[in-house]
Amino acid sequence: MHIPDGILPAQVCAGGYAMTGLATWYALRQINHKPDPTAEIPKGALLTAAFFVASSIYIPIPPASVHLILNGLLGVMLGYFAFPAILIGLFFQAIVLGHGGLTTLGVNAVMMGIPAVLAYHLFRLHDHFDRRLPARWSLAIFAFLGGGLGLGITALSFFTLVVATVPADFDSAAEKTAIVGLLLTHLPLIGIEGVFTALLVLFLQRVKPELLKESP
Amino acid sequence: MAPTLSLDAYTRLESPIHRWQPRLKLVGLVALIFAFAGVRQWVLVLPMVVITLLLYGLSRLPLRFLLQRLHYPGMFILAVVLVLPFASGDTVLWQWGWLSLYWEGVLTMGLVVCRFLAILTTGFILLGTTPFLSLIQALRSLGLPALLADMTLLAYRYLYDIADTLTTMQQAMRLRGLGRSQRKSSWLRLDMRLMRQLASLTGSLLIRSYERSERVYKAMRLRGYGVSTRRPAAGMPSVDGYSYWATALSLMLAATFMVVELRGMGR
């Protein structure tokens with residue numbers, strides 16, 4: 001789900017950087033409203049590194065295997081820190097592994113970071129359902145939705161951008177069919193990401209619940 | 001994962017590109033990268049490739065460095081662009097049943113591949129000739145917020161340790177029988193037991209990193225992190241003439257590319 005260099009027109013790359021600048025400014029503003037923002041920096045940094053490393057874990061689905069994006073999970077755990085964390089993670093992926101690119105860093109950050117923040121807000125809704133549903137159920141359901149939504153919006157943006165900008169002379173009906181078709185083929189992956197997020201959140205709830213609590 | 005993670009392997013070489021001051025090199029090469037990203041006309045492709053080859057030659061980076069780094073993104077871009085000659089265009093070059101090869105698609109594919117190679121190579125010249133810490137320092141001096149710079153440096157510092165921790169944990173889990181299911185694995189079937197084990201593995205990695213971050217933060221606080229002090233004004237390093245001219249030349253080239261591109265679009 002990383003758009004590499006050389007595919008997108010320069011205007012789209014510049015637009016991606018402008019949106020990333022705006023989103024980073026907003027995320028930093030939210031972070032700076034916390035009582036002690038510096039206390040959160042090591043947590044955000046080490047979890048960024050851990051997510052970067054964890055994204056190399058493969059889930060085997062015979063005969064192939066898939067690797068996870070984890071942007072929904074990042075949002076669920078880090079809140080507004082997820083946006084800078086994804087930006088830094090993508091920067092490392094571009095310079096260390098060659099996933100994504102330097103010109104497309106802004107576009108990729110928007111494509112993965114904004115769904116992560118949306119996943120965070122969706123996950124926090126579980127607090128309202130704790131009385132109506134068993135606590136573990138509401139946690140698992142909203143973690144599943146957060147994880148699935150994170151990847152779902154990312155996949156939709158990715159296919160829309162690639163299909164709409166690369167082949168210049170596709171007609172719009174063909175583009176629409178291609179985007180919907182590609183998204184449908186990725187529905188199982190979105191489900192896997194959601195299930196994985198739910199399993200992981202339940203594990204954290206059992207072992208280290210403070211990691212899921214919203215810091216003041 | 002470890003060999004590809006070594007970013008600073010060739011940053012101590014001696015070359016005209018290594019001598020270029022990091023802050024100005026960042027400005028000059030990023031301007032060129034964005035100018036290359038805007039190339040849509042074939043007339044600009046040859047100058048773009050020549051400039052890239054010249055820069056790579058001047059950097060004295062081994063070819064192995066580039067080939068190693070192009071491997072993964074190269075496979076991805078091929079998967080994307082190989083469809084183009086068969087999917088977009090009007091002029092049929094070759095036809096076999098329902099499969100047609102279009103001239104316009106071939107041209108677009110060539111353009112995308114050349115642009116991709118030029119941008120990536122220039123990016124790797126920047127990264128391969130500049131120590132990572134100098135690069136972050138240069139970004140900081142160009143306005144990168146302190147929070148982002150601190151997070152990037154800390155994440156970079158612990159990246160290798162966390163990667164080692166994951167390798168050790170995976171090895172320990174394999175020795176305890178991870179992935180050896182009693183049932184025969186069937187096609188396109190998700191093994192929920194294995195999923196749960198992998199979720200626990202990832203969760204443990206996150207918990208370990210979180211606990212470590214608490215210790216790191218306490219150690220940083222003890223050393224005065226977060227206490228606002230009036231630092232003596234750290235004057236910018238003086239710009240040497242060589243870096244100044246190299247940057248000016250890069251900016252001129254980037255501007256020329258953009259002007260030619262804009263004129264071509266207006267026609």
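Residue numbering restarts at 1 for every chain, and letters A, B, ... go by the order of the sequence lines.
- For the pair A:Q205 (side chain) and A:L139 (backbone), a donor-acceptor distance under 3.5 Å is absent.
- Using a 4.5 Å cut-off between heavy atoms, A:I31 contacts chain B through its side chain alone, with no backbone atom that close.
- Taking a 6.0 Å sphere around CE of B:M220, one finds it holds more than 12 heavy atoms contributed by other residues, nucleotides or ligands.
- Contacts between B:F124 and chain A at a heavy-atom distance below 4.5 Å involve the side chain alone, from C-beta outward.
- Annotation: maximal heavy-atom pairing with chain B below 4.5 Å, among A:A198, A:P42, A:P4, occurs at A:P42.
- For chain B, no part of A:T104 is nearby; none of its heavy atoms comes within less than 4.5 Å.
- Among the candidates A:L28, A:T48, A:L73, the residue making the largest number of heavy-atom pairs closer than 4.5 Å to chain B is A:L28.
- Rounding to the nearest 0.5 Å places CZ of B:F257 at 13.5 Å from CG of B:L262.
- Between chain A and the residues B:I33, B:D150, B:L147, the largest count of heavy-atom pairs under 4.5 Å involves B:L147.
- When each of A:G44, A:A54, A:A45, A:P9 is checked for heavy-atom pairs under 4.5 Å with chain B, A:A45 comes out on top.
- The CZ atom of B:R196 lies 15.0 Å from the CG atom of B:L201; values are rounded to the nearest 0.5 Å.
- Heavy-atom pairs under 4.5 Å with chain A peak, among B:L205, B:V216, B:I207, B:L117, at B:I207.
- Under the side-chain hydrogen bond (donor to acceptor under 3.5 Å, both in side chains) criterion, B:E211 pairs with A:K208, sequence neighbours left out.
- With a threshold of 4.5 angstrom between heavy atoms, B:T165 does not approach chain A through any atom at all.
- Within a 6.0 Å radius of CH2 in A:W137, no more than 12 heavy atoms belonging to other residues, nucleotides or ligands are found.
- Between A:Y17 and B:F34, a ring centre-to-centre spacing shorter than 6.0 Å is recorded.
- The residue among B:A146, B:G123, B:P145, B:S213 with the most heavy atom pairs within less than 4.5 Å of chain A is B:S213.
- Heavy-atom distances place the side chain of B:I136, and not its backbone, under 4.5 Å from chain A.
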Atom pairs and distances, side-chain donor-acceptor, residues 75-103 of chain A, under 3.5 Å, sequence neighbours left out:
{"unit_1": "A:Y80", "atom_1": "OH", "unit_2": "A:H121", "atom_2": "NE2", "d": "3.0"}
{"unit_1": "A:Q93", "atom_1": "OE1", "unit_2": "A:H2", "atom_2": "NE2", "d": "2.6"}
{"unit_1": "A:T103", "atom_1": "OG1", "unit_2": "A:D5", "atom_2": "OD1", "d": "2.4"}

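- The CG atom of A:L46 sits 14.0 Å away from atom OH of B:Y217, with the distance rounded to the nearest 0.5 Å.
- Top candidate by heavy-atom pairs under 4.5 Å with chain A, chosen from B:S204, B:G38, B:G203, is B:G203.
- For chain A, no part of B:L111 is nearby; none of its heavy atoms comes within less than 4.5 Å.
- With a 4.5 angstrom heavy-atom cutoff, A:I41 touches chain B via backbone and side-chain atoms both.
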